[in-house]
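We name chains A, B, ... by the order of the sequence lines, and we start the count at 1 in each one.
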Amino acid sequence: MFLSFEQRVLKAFQSHIAARYGLEAGLALEQPKQPEFGELAVPVAFQLAKLLKQPPRKIAAELVSEIGPIEGVAAMEIAGAGYLNIRFDRAAYGGGLLREPAAPEPADEKIIVEHTNINPNKAAHIGHLRNTALGDTFVRMLRSRGHRVEVQNYIDNTGVQVADVVAGFHFLEKKQPEEVRALAAQPRFDYLCWDLYARTSAYYKDHPEAAAWRTETLHAIEAGEGVLAEMAHVVADAIVEAHLDTMLRLGVEYDVLPRESEILHLKFWEAAFELLKQRQAIHLESEGKNAGCWVMPAAAFSTSAESEDSKVIVRSNGTVTYVGKDIAYQLWKFGLLGKDFYYRPLRRYADGRRLWITTDQPAECPVRFGGGARVYNVIDARQSYLQDVVAAGLRALGYTGQAGRSVHFSYEMVALSPRCCVELGIELPEEDKKRPYVEVSGRKGLGVKADDLIDKLIDKALEEVEARHADRPAEERRAVASTIAIGALRYFLLKFTRNSVIAFDFQEALSFEGETGPYVQYAAVRARNIVRKLEERGETLPDFATELTPEAMGRQLQAEDFWQVLLAASKAGTAVERATIGGEPAHVAKYAFQLAQSFNNFYHQYHVLHEENREKKVFLLWMTEFFRAQLERTLEILGIAVPPYM
RNA sequence: GCGCCCGUAGCUCAGCCCGGAUAGAGCGUUUGCCUCCGGAGCAAAAGGUCAGAGGUUCGAAUCCUCUCGGGCGUACCA
């Protein structure tokens, strides 16, 4: 609602300025910090002052007297050195909110978002949770704005990390495939692999000769034959399921899981290699340290540095690097490879949606994936160099448009605070003790496992629920606690902007007060409670559209605090739109918190059900309903559910 | 060395892209608020050389340059 008023004002100014001064002012509207300055501030007189060489106040005065009426605007006044402060027609604004909000125009083009992308060789940890929470929330943001989104979760089931765990089972533990299969059927197989991966990595460190295990395993996986390859399948498939389960606890679902094994078997790389060679995007190095490798010159992906080395795409032994495969995958995402996967269904989600996984077995597929118009890769900032190389690959092939629409949705890592390390009983080497935080390391087994954290959050939430609702059935209390725990977790992961390093701390993550998910959930629960109580009293919700006439609306909104609160609550669309353009889920989280704060204040100040004046009571009920809807809508975008009680 | 990111209240962070009106929030600290829709709440106080120095500007936390701290990259690992 706010958005459409804002746009109307913007358009009025743009066309007036173009007609009156013949200027295309790139003007931006501001929301004044002081509520008494009105709802919108137009600083355009300052810009025009420079161009026209006239004092800003004079231009502002001209604008006010000449622009004419703008629908929905009640007043326009000059303030300060030349601000134009705009006041809305409150009754018209409130009346607009009474009607159903218009759904955003559905977009035609497909957006692909790839996130999660965890090596299927161990349990997911908090770093992975940040990736998934950001990716999933961004997907929800895009969808809420009407975009068509396909969610991909890439599975590197043939890589070094899987190989290391397989090597651990085979060489270190002397396990047979059927033994591994039996273990994989047990719960928490991902935890077992977490430990084994750390043990194997440590063993490599002390026994350099064991590096041969990795090579042998990788070759076996690539050839697809023998016990090592069989074990790799067992491990990767089981861990993928574990990750899907973990992420489902957070309400995260995917459309398709493209796997590296199919990239290999269906010769995606060979197709990409041919393209890269044809267009001379890469060349065979004949001398120097990269002799015998196919490389991409640094000039292709690095802006200014001559000191940068070329990037090896194909090793001297003929195998392709990760980046090479990623270029092939990226080409497929844009539908530029001229090849496609086959798919089979992997699971069905509660809402009936199917999750598909790639296969190399030719089959009739009722679905098609890839071929997106825009691609977001949710990958941490440490991989920005590699993402630059991937985009450079597209550019070098002549796909400059696609390279521009290939977005590295980057974020900083989750690290462990020193206090957190102490709590986990991690012994830090002396040189790490004075660092501000310690990097999570799967290889070292250093980190907080996702499921452990979720369990811990549920336990804590359950204590709180039991203290308040001892009379409720245990199963129901557990469901409520779970909803609260997930709300706390998702909010915690989203409240930081993307390029802020999170130094993970249990005390902060486990907090349910202040700027947290449960605080926002609580506000929504309170709003629902009011309506529930009303019905328990034998009353029903009034028909707002007929009772709240423009006159009544105008009268009620004369009260400054009602107006301010309604205004704040009506800005959800603006907030989400801006956050989506800026690619910043944290801004949606921040808005949700402010909305909840605003409602809690309202809730405390006005006793809706006890109001005696009919018109005011109807108005207060409408405000409550409006708040509830906005809170639920915003929480939905954050992937946070509202429990029945708290 | 080079590239990217960060430095704002005791702590954790918004605000910076797009310069504007007394720099915001949460936690913590201090103090109030349950005859009232459930206090996971509300109200208030204290707390800031926006790392530092130059520059651009009528105006800089915001733009530019440099310096100082810190982090991460810069693999024939992913």
Side-chain angles (χ1 to χ4, degrees), chain A residues 26-28 30 32-34 37 41 43 46 49-50 56 79-83 85 117 119 156 159-161 214 285 289-295 298 302-309 311-323 325-326 380-386 388 410 412-413 415 417 435-437 439 461 464-465 467-469 484 488 495-503 505 507-508 511-516 518-519 521-523 525-527 529-534 536-537 582 586-587 590 593-594 597 600-601 603-611 620 624 645-646:
Chain A
L27 77 160
E30 292 171 14
K33 286 179 182 154
Q34 308 297 310
F37 291 151
F46 295 103
K50 272 187 191 162
Y83 273 100
N85 289 335
N117 195 358
N119 272 300
D156 183 1
V160 175
Q161 294 211 20
R214 177 189 282 173
E285 199 75 79
K289 62 172 181 171
N290 292 334
C293 299
W294 286 86
V295 303
S302 178
T303 44
S304 63
E306 290 172 21
S307 58
E308 295 245 17
D309 288 335
K311 179 66 196 171
V312 171
I313 305 295
V314 181
R315 303 183 186 100
S316 53
N317 68 5
T319 57
V320 58
T321 59
Y322 169 78
V323 198
K325 283 179 266 190
D326 220 20
D380 80 86
R382 286 171 292 192
Q383 299 200 45
S384 58
Y385 165 76
L386 295 173
D388 287 346
S410 79
E412 282 291 343
M413 63 176 167
S417 71
R435 294 162 73 86
Y437 42 73
E439 205 170 332
E464 303 279 342
V465 174
R468 284 158 231 240
H469 303 280
I484 294 169
K495 71 192 279 194
F496 302 92
T497 49
R498 288 193 282 131
N499 54 11
S500 166
V501 175
I502 299 181
D505 183 279
Q507 196 176 312
E508 276 178 58
S511 168
F512 297 157
E513 286 164 21
E515 196 186 338
T516 65
Y519 176 94
Q521 289 173 315
Y522 188 54
V525 166
R526 283 175 137 183
N529 277 347
I530 292 177
V531 179
R532 190 170 47 78
K533 286 275 172 187
L534 181 86
E536 279 172 15
R537 291 167 166 224
H587 292 164
K590 182 69 91 182
F593 173 66
Q594 284 165 352
Q597 231 178 0
N600 275 332
N601 178 296
Y603 177 90
H604 185 256
Q605 210 172 341
Y606 303 98
H607 296 277
V608 179
L609 298 182
H610 302 133
E611 179 55 50
L620 289 174
T624 304
Y645 53 86
M646 282 182 79

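Taking the O4'-C1'-N9-C4 or O4'-C1'-N1-C2 dihedral as appropriate, C6(B) has a value more than 90° from 0 and is therefore anti.
Applying the 4.0 Å criterion to OP1 and OP2 of C4(B), one finds that Asn499(A) has every side-chain N and O outside that range. For the OP1/OP2 pair of G41(B) and a distance below 4.0 Å, the side-chain nitrogens and oxygens of Arg526(A) include no atom meeting the criterion. Remark: Arg468(A) is not in phosphate contact with G41(B), judged by side-chain N or O atoms under 4.0 Å from OP1 or OP2. Under 4.0 angstrom from either OP1 or OP2 of A14(B) there lies no side-chain N or O belonging to Gln594(A). Between Tyr519(A) and C42(B) there is a side-chain N or O to OP1 or OP2 distance below 4.0 Å.
For the pair Asn600(A) and Arg382(A), both in contact range of RNA chain B, the more 5′-proximal nearest nucleotide belongs to Asn600(A). Both Val501(A) and Lys533(A) lie near RNA chain B, and the one whose nearest nucleotide falls closer to the 5' end is Val501(A).
Between the side chains of Tyr522(A) and Asn600(A), not a single donor N or O lies within less than 3.5 Å of an accepting N or O.
With a cut-off of 3.5 Å on both Watson-Crick or G-U wobble distances, the partner of U57(B) is given as none. When both distances must be under 3.5 Å, the Watson-Crick or G-U wobble mate of C16(B) does not exist. Partner assigned to G47(B) is none, using Watson-Crick or G-U wobble distances below 3.5 angstrom.
The side chain of Pro436(A) lies closest to G70(B) when the candidates are C72(B), G70(B), A14(B). If you check A25(B), A40(B), A78(B) against the side chain of Glu515(A), the one that comes closest is A25(B). Residue Phe512(A) places its side chain closer to A40(B) than to any other of C5(B), A40(B), G39(B). Listed candidates were C13(B), A43(B), A25(B). Nearest to the side chain of Thr497(A) is C13(B).
Residue Ala291(A) is in base contact, counting any heavy-atom pair closer than 4.0 Å across all strands shown. At a threshold of 4.0 angstrom between heavy atoms, the contacts of Ser384(A) with the nucleic acid are absent. Residue Thr624(A) is classed as having no contact, given no heavy-atom separation below 4.0 Å to the nucleic acid. In this structure, Glu508(A) reaches the sugar-phosphate backbone alone: every heavy-atom distance under 4.0 Å involves primed, P, OP1 or OP2 atoms, never a base. In this structure, Gln597(A) reaches the sugar-phosphate backbone alone: every heavy-atom distance under 4.0 Å involves primed, P, OP1 or OP2 atoms, never a base. Backbone-only engagement by Phe593(A) is indicated by non-hydrogen atom pairs under 4.0 Å involving sugar-phosphate atoms exclusively. Leu386(A) comes within 4.0 angstrom of a nucleotide base, judged by non-hydrogen atoms across all strands. The residue Lys289(A) sits close to a base: some heavy atom pair falls under 4.0 Å. Asn85(A) comes within 4.0 angstrom of a base, heavy atoms only. The residue Leu534(A) sits apart from the nucleic acid: no heavy atom pair falls under 4.0 Å. Among the heavy atoms of the strands, none lies under 4.0 Å from Gln507(A). Within 4.0 Å of Asp326(A), counting heavy atoms only, lies no atom of the nucleic acid at all. Residue-level contact check: Val320(A) touches neither bases nor backbone, having no heavy atom under 4.0 Å from any strand.
When the P atom of A25(B) is taken as reference, atom CZ of Phe496(A) falls 18 Å away, rounded to whole Å. Following rounding to the nearest Å, Arg498(A) (CZ) and C72(B) (C1') show an atom-to-atom distance of 16 Å. Rounded to whole Å, atom P of C13(B) lies 12 Å from atom NZ of Lys590(A). Distance CE (Met413(A)) to P (C6(B)): 14 Å, rounded to an integer number of Å. Here A78(B) presents its P atom at 12 Å from OH of Tyr385(A), a figure rounded to the nearest Å. Whole-Å rounding puts the His587(A) NE2 to A25(B) P distance at 17 Å. His604(A) places its NE2 atom 12 Å from the P atom of C37(B), with the value rounded to the nearest Å. Remark: C1' of C42(B) and OH of Tyr522(A) are 11 Å apart, rounded to the nearest angstrom.
Not one N or O on the side chain of Arg468(A) forms a donor-acceptor pair closer than 3.5 Å with the backbone of Met646(A). With Thr321(A) contributing its side chain and Ile313(A) its backbone, the two residues share a donor-acceptor pair below 3.5 Å. With hydrogens and angles disregarded, no donor-acceptor distance shorter than 3.5 Å links the side chain of Ser511(A) to the backbone of Glu508(A).
Taking the C1' atom of each, G24(B) and G48(B) are spaced 11 Å apart, rounded to whole Å. Nucleotides G41(B) and G47(B) have their C1' atoms positioned 24 Å apart, rounded to a whole Å. Across U22(B) and A60(B), the matching P atoms stand 13 Å from one another, rounded to whole Å. Only the C1' atoms considered, C6(B) is 11 Å distant from A51(B), to the nearest whole Å. To the nearest whole angstrom, the two C1' atoms, one in U62(B) and one in G26(B), are 23 Å apart. For the P atom pair drawn from U65(B) and U56(B), the interatomic distance equals 15 Å after rounding to whole Å. Across the P atoms, A40(B) and G28(B) are found 15 Å apart, a figure rounded to whole Å. Separation of the P atoms belonging to U49(B) and A61(B) is 14 Å when rounded to the nearest angstrom.
What you find for Leu609(A) and Arg537(A) is that their closest heavy atoms are O-NH1, 3.6 Å. Minimum heavy-atom separation, Gly514(A) to Phe593(A): O-CE1, 3.7 Å. Contact record, Phe496(A) with Ala586(A): O-CB, 3.5 Å, taken as the closest heavy-atom pair.
Counting atom types as modelled, His607(A) pairs no side-chain N or O with a base atom of C37(B) as donor and acceptor under 3.5 Å. For a distance-only test at 3.5 Å, the side chain of Thr321(A) fails to qualify as a donor-acceptor partner of the base of C76(B).
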Does the side-chain hydrogen bond (donor to acceptor under 3.5 Å, both in side chains) test come out yes or no for Arg532(A) and Asn529(A), once each step is laid out? CA-CA 5 Å; Arg532(A) 190 170 47 78; Asn529(A) 277 347; 2.6 Å; yes
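Separating the CD1 atom in Ile502(A) from the NZ atom in Lys495(A) is a distance of 9.5 Å, to the nearest 0.5 Å.
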